Colleague: 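Please read through the structure below; I'll follow up with questions.
For the numbers below, each heavy atom of this structure counts, side chains included, while hydrogens, waters and symmetry mates do not. Predicted model, so just to flag it, every value in this text is computed and none were measured. In what follows, every chain begins at residue 1, and chains take the letters A, B, ... in the order their sequences are listed.
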Amino acid sequence: MIRYIANRLLQAIPTVILVTILVFLMLHFTPGDPAQVFLGDRHSTPEQLERVRAEMGLDRPLYEQYLNYMSNVLHGDLGRSLITNFPVDDTILTRIPHTLELTLASMLISTVLGVGLGMLAALRHNTIIDTIAMAFALLGISVPVYWSSLLFILLFSVKLGWFPPIGQGSLDRLVLPAFALAFVSAGALARMVRSSMLEVLNQDYVITARSKGLSERVVIFRHTLRNALIPVVTILGLTFGNLVGGAVLTETIFARLGIGRMYVQAVVEKDFTLVQGTTLFVALSYVLINIGIDLIYVFIDPRIKYD
Amino acid sequence: MTEQSTVRVKLEQERGESRILGFVRRARRSPNVIVGTTVLSLVIILVVLAPVLSPFDPIEQFRRERLMGPSATHYFGTDNLGRDIFARVLFGGRISLQVGIISVSIASLGGTFLGLISGYYGRWLDSLIMRLIDVLLSFPSILLALAIVAVLGRDLRNVMLAVGIATLPIYTRVVRASTLSVKEIDYITAARALGAPAWRILFFHILPNVLAPIIVVSTNGIAGAIIAGAALSFLGVGAQPPTPEWGLMLSQGQEFLRVAWWVTTFPGLAIMVTVLGINLLGDGLRDILDPRLKI
């Protein structure tokens with residue numbers, strides 16, 4: 001078991017190193033001179049450019065720059081924003097709770113909705129309930145979150161006045177963005193749960209359980225659901241990634257001060273250190289979450305051998 | 001479902017029916033394929049005939065007719081600059097379909113190629129490619145696309161490239177998995193024993209056998225790419241004003257949500273209908289071609 005965990009962590013190391021190299025090189029991939037990028041769109045003299053190059057260490061060999069960058073990163077220093085001059089790590093840390101609040105709320109909603117709808121559809125396979133549930137799921141994955149968000153504001157805020165249209169900091173301001181964000185993932189999840197459940201319902205052990213005369217409830221909850229949810233756990237990581245990606249859109253629409261909205265602003269304002277730092281932060285968190293999910297997977301699926 | 005379709009395929013083969021004919025016959029019985037194809041064909045016809053069907057130019061501004069509701073003159077109303085939304089929705093479809101098709105072409109061609117050589121050659125090449133794919137998968141795809149656009153610059157061409165790169169891993173994974181199982185089959189060994197060069201084996205013997213999942217993933221991929229492309233334009237890093245683009249139209253209409261619901265409703269409906277049609281078609285194709293594929 002411990003060996004499995006150690007192996008999984010070791011496997012992630014090359015990925016993480018490649019991610020850092022890629023993020024480090026981001027600046028060098030931009031067309032034109034990195035020093036000019038640092039100076040922004042302002043007009044600059046050759047002397048200024050030269051000074052920036054020396055300050056940023058851009059005149060040194062690339063591998064040296066990378067090692068220097070990594071040593072900073074390992075000390076928790078992601079540089080300073082080109083626009084506000086605040087440290088990037090502080091900026092990320094003050095923004096992240098707002099994004100976590102939104103994504104976790106959405107994750108909860110989409111899991112309840114997705115697993116519920118998927119189960120319902122599978123248990124009432126080939127009935128009108130199945131068709132309706134799957135129509136909802138299809139609608140979920142076909143309506144872009146930026147449009148459903150606008151529709152939600154239009155309906156629940158402008159017309160009905162139930163919730164404030166934008167902002168953050170209270171529960172009623174969380175409802176609309178969290179639901180809008182949850183629908184896409186709920187749709188994908190419902191489809192996954194349904195097909196996984198249908199597969200398990202046809203397994204011999206479920207037929208055996210039924211023929212033993214076990215009550216339908218025991219068959220569903222003890223024998224089917226637990227096994228059907230195993231593959232679903234693997235896509236929870238993916239769901240989380242989608243939610244963080246979707247937060248970029250919902251935070252922008254609902255004017256929430258999360259990391260997603262900050263990221264878009266940084267891209268638009270060409271704040272490269274902030275883009276670089278946030279990209280690295282999100283990628284590393286995502287890698288860690290996926291490792292966590294792989295480990296959960298091992299715990300809940302007895303068929304997987306640890307070594 | 002799976003057993004049934006295997007049996008059916010066998011029956012068709014015994015009857016001497018070709019795979020393509022069998023596919024067409026089953027496609028014509030699938031409600032998903034029928035509805036999906038109908039919706040998608042309608043969208044394509046409307047979009048292709050945009051210059052003929054739309055009474056106005058999509059970027060022409062009628063200063064006196066700002067934010068007018070839907071009427072007999074302006075079917076979908078006008079936006080804050082007095083532009084005809086019906087015309088903008090039709091022309092916007094050209095951009096979205098283009099973004100969908102080009103991004104998916106980049107992703108599926110690149111991803112298939114990597115998946116084929118990764119699965120066929122194995123060893124260090126496989127490890128190298130799979131590590132690269134892991135790196136791409138370490139970013140949520142919208143964020144990766146945003147990062148790529150940040151590096152390359154904000155315009156529609158870079159959006160297509162970014163969405164293509166961000167969605168490439170799924171093709172590589174699917175094709176690699178199929179290649180691994182196909183390459184062990186006897187006829188590949190036979191081809192190799194006869195001295196067929198690797199490229200010939202890859203493209204003439206393996207590729208045709210991994211096409212089914214590629215077709216299914218690509219179809220749903222177009223839907224995803226249309227949503228992602230419009231998302232980037234919505235965020236201001238894709239199509240730039242005054243281009244009629246669905247995502248951009250939604251973001252420009254957000255400001256007028258209180259007074260003019262039609263500005264955001266019609267472009268949103270257009271995205272939904274298009275994506276719904278493609279997804280239905282994709283679901284239908286999956287049931288016929290590769291029922292075990294979970295996407």
Side-chain angles (χ1 to χ4, degrees), chain A residues 11-12 14-16 18-19 21-23 26-27 29-31 138-139 141-148 150-151 153-154 157-158 165 184 188 191-192 195-196 198 231 235 240-246 248-249 252-253 260 263-264 266-268 270 272 275-276 278-279 282-284 286-287 290, chain B residues 1-2 32 127 131-132 134-154 166 220 223-224 226-228 230-231 234-237 246-247 250-251 253-254 257-259 261 264-265 267-269 271-280 283 291-292 294-295:
Chain A
Q11 257 179 20
T15 313
V16 168
L18 276 172
V19 166
I21 293 178
L22 212 66
V23 170
M26 265 178 80
L27 190 68
F29 282 143
T30 50
L138 186 67
L139 210 60
I141 60 166
S142 302
V143 175
V145 63
Y146 39 92
W147 188 48
S148 55
L150 293 179
L151 282 181
I153 296 179
L154 195 62
S157 185
V158 176
V184 186
R191 286 156 63 99
M192 178 89 185
S195 67
S196 175
L198 285 176
I235 73 156
F240 190 76
N242 285 340
L243 289 177
V244 171
V248 171
L249 292 150
T252 305
I253 296 169
Y263 194 72
V264 178
V267 168
V268 172
K270 295 188 180 166
F272 267 97
V275 172
Q276 223 177 8
T278 317
T279 311
V282 172
L284 294 186
Y286 199 30
V287 169
N290 279 318
Chain B
M1 184 76 209
T2 318
N32 281 346
S127 312
R131 282 294 87 74
L132 286 175
D134 280 346
V135 171
L136 287 181
L137 287 172
S138 325
F139 306 92
S141 44
I142 277 275
L143 246 64
L144 179 60
L146 267 171
I148 295 172
V149 174
V151 169
L152 296 178
R154 293 186 271 156
N220 289 74
I226 288 177
I227 290 189
F234 181 90
L235 293 170
V237 300
W246 292 343
L250 282 177
S251 88
Q254 190 187 351
L257 206 54
R258 277 172 191 283
V259 286
W261 55 270
T264 48
T265 300
L269 267 177
I271 300 179
M272 188 191 82
V273 169
T274 311
V275 167
L276 203 62
I278 299 173
N279 276 335
L280 276 172
D283 283 1
R292 276 159 305 164
K294 281 190 187 132
I295 50 168

Colleague: Using every non-hydrogen atom in the two residues, find where Val19(A) and Phe139(B) come nearest and quote the distance to one decimal.
Modeller: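 Residues Val19(A) and Phe139(B), closest heavy atoms: CG1-CZ, 4.0 Å.
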Colleague: Only pairs of heavy atoms separated by less than 4.5 Å count here; which of Ala147(B), Pro267(B), Gly236(B) has the most with chain A?
Modeller: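 Heavy-atom pair counts peak at Ala147(B).
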Colleague: Look up atom OG in Ser157(A) and atom CZ in Arg258(B), then write down how far apart they are to the nearest 0.5 Å.
Modeller: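 If I round to the nearest 0.5 Å, the distance is 6.0 Å.
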Colleague: Pick from Val275(B), Ile271(B), Leu250(B): which one makes a side-chain contact (heavy atoms from CB on, under 4.5 Å) with Pro144(A)?
Modeller: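 Looking at Val275(B), Ile271(B), Leu250(B), the match for Pro144(A) under the side-chain contact (heavy atoms from CB on, under 4.5 Å) is Ile271(B).
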Colleague: When you look at Gln11(A) and Asp134(B), which way does the side chain to side chain contact (heavy atoms under 4.5 Å, CB included) test go after all the steps?
Modeller: CA-CA 10 Å; Gln11(A) 257 179 20; Asp134(B) 280 346; over 6 Å; no
Colleague: Check the pair Leu143(B) / Thr279(A) against side chain to side chain contact (heavy atoms under 4.5 Å, CB included), numbers first and verdict last.
Modeller: CA-CA 8 Å; Leu143(B) 246 64; Thr279(A) 311; over 6 Å; no
Colleague: Side chain, backbone, both or neither: which part of Ala230(B) has a non-hydrogen atom closer than 4.5 Å to chain A?
Modeller: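 Contact with chain A is through both the backbone and side chain of Ala230(B).
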Colleague: Please determine, among Gly268(B), Gly277(B), Ala150(B), the option with the most heavy-atom pairs under 4.5 Å with chain A.
Modeller: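 Result: the option with the highest number of such pairs is Gly268(B).
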Colleague: Indicate the atoms forming the closest heavy-atom contact of Tyr286(A) with Leu137(B), along with that distance.
Modeller: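 Closest approach of Tyr286(A) to Leu137(B), heavy atoms only: CE2-O, 3.3 Å.
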Colleague: Could you tell me which portion of Val135(B) (side chain, backbone, both or neither) has an atom closer than 4.5 angstrom to a non-hydrogen atom of chain A?
Modeller: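 Contact with chain A involves both backbone and side-chain atoms of Val135(B).
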Colleague: As a quick check of understanding, evaluate side chain to side chain contact (heavy atoms under 4.5 Å, CB included) for Leu138(A) and Asp283(B), giving each step before the final call.
Modeller: CA-CA 10 Å; Leu138(A) 186 67; Asp283(B) 283 1; 3.8 Å; yes
Colleague: Please state whether the side chain, the backbone, both or neither of Arg154(B) comes within less than 4.5 Å of a heavy atom of chain A.
Modeller: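 For Arg154(B), the contact with chain A is made by the side chain alone.
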Colleague: What part of Ala231(B) gets within 4.5 angstrom of chain A, counting heavy atoms only: side chain, backbone, both, or neither?
Modeller: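 Both parts, backbone and side chain.
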Colleague: So, Trp147(A) side chain and Thr264(B) main chain: donor-acceptor pair closer than 3.5 Å or not?
Modeller: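 Checked: pair present.
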Colleague: Let's test your reading of the structure: which of Gly246(A), Gly241(A), Gly260(A), Ala12(A) forms the most heavy-atom pairs below 4.5 Å with chain B?
Modeller: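 Max contact count across the listed options: Gly241(A).
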Colleague: How many angstroms lie between CG in Leu18(A) and CG in Leu132(B), if you round to the nearest 0.5 Å?
Modeller: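 Leu18(A) atom CG to Leu132(B) atom CG measures 6.5 Å (nearest 0.5 Å).
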Colleague: Is chain B contacted by the side chain of Phe240(A), its backbone, both, or neither, given a heavy-atom distance below 4.5 Å?
Modeller: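 Contact with chain B is absent: no heavy atom of Phe240(A) under 4.5 Å.
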Colleague: Nearest 0.5 Å, what's the CD1-OH distance between Ile142(B) and Tyr263(A)?
Modeller: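 Between atom CD1 of Ile142(B) and atom OH of Tyr263(A) there are 11.0 Å.
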Colleague: Quick check for you: among Leu150(A), Val158(A), Ile141(A), which has the greatest number of heavy-atom pairs under 4.5 Å with chain B?
Modeller: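 Maximum pair count with chain B is reached by Leu150(A).
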Colleague: Rounded at 0.5 Å granularity, tell me how far CG in Leu22(A) sits from CG in Leu144(B).
Modeller: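 Leu22(A) atom CG to Leu144(B) atom CG measures 8.5 Å (nearest 0.5 Å).
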Colleague: Can you check side chain to side chain contact (heavy atoms under 4.5 Å, CB included) on Ile253(A) and Phe234(B), steps first, answer last?
Modeller: CA-CA 10 Å; Ile253(A) 296 169; Phe234(B) 181 90; 3.6 Å; yes
Colleague: Please name the pair of heavy atoms, one in Gly245(A) and one in Pro140(B), separated by the smallest distance, quoted to 0.1 Å.
Modeller: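 Looks like N-CB, 4.4 Å.
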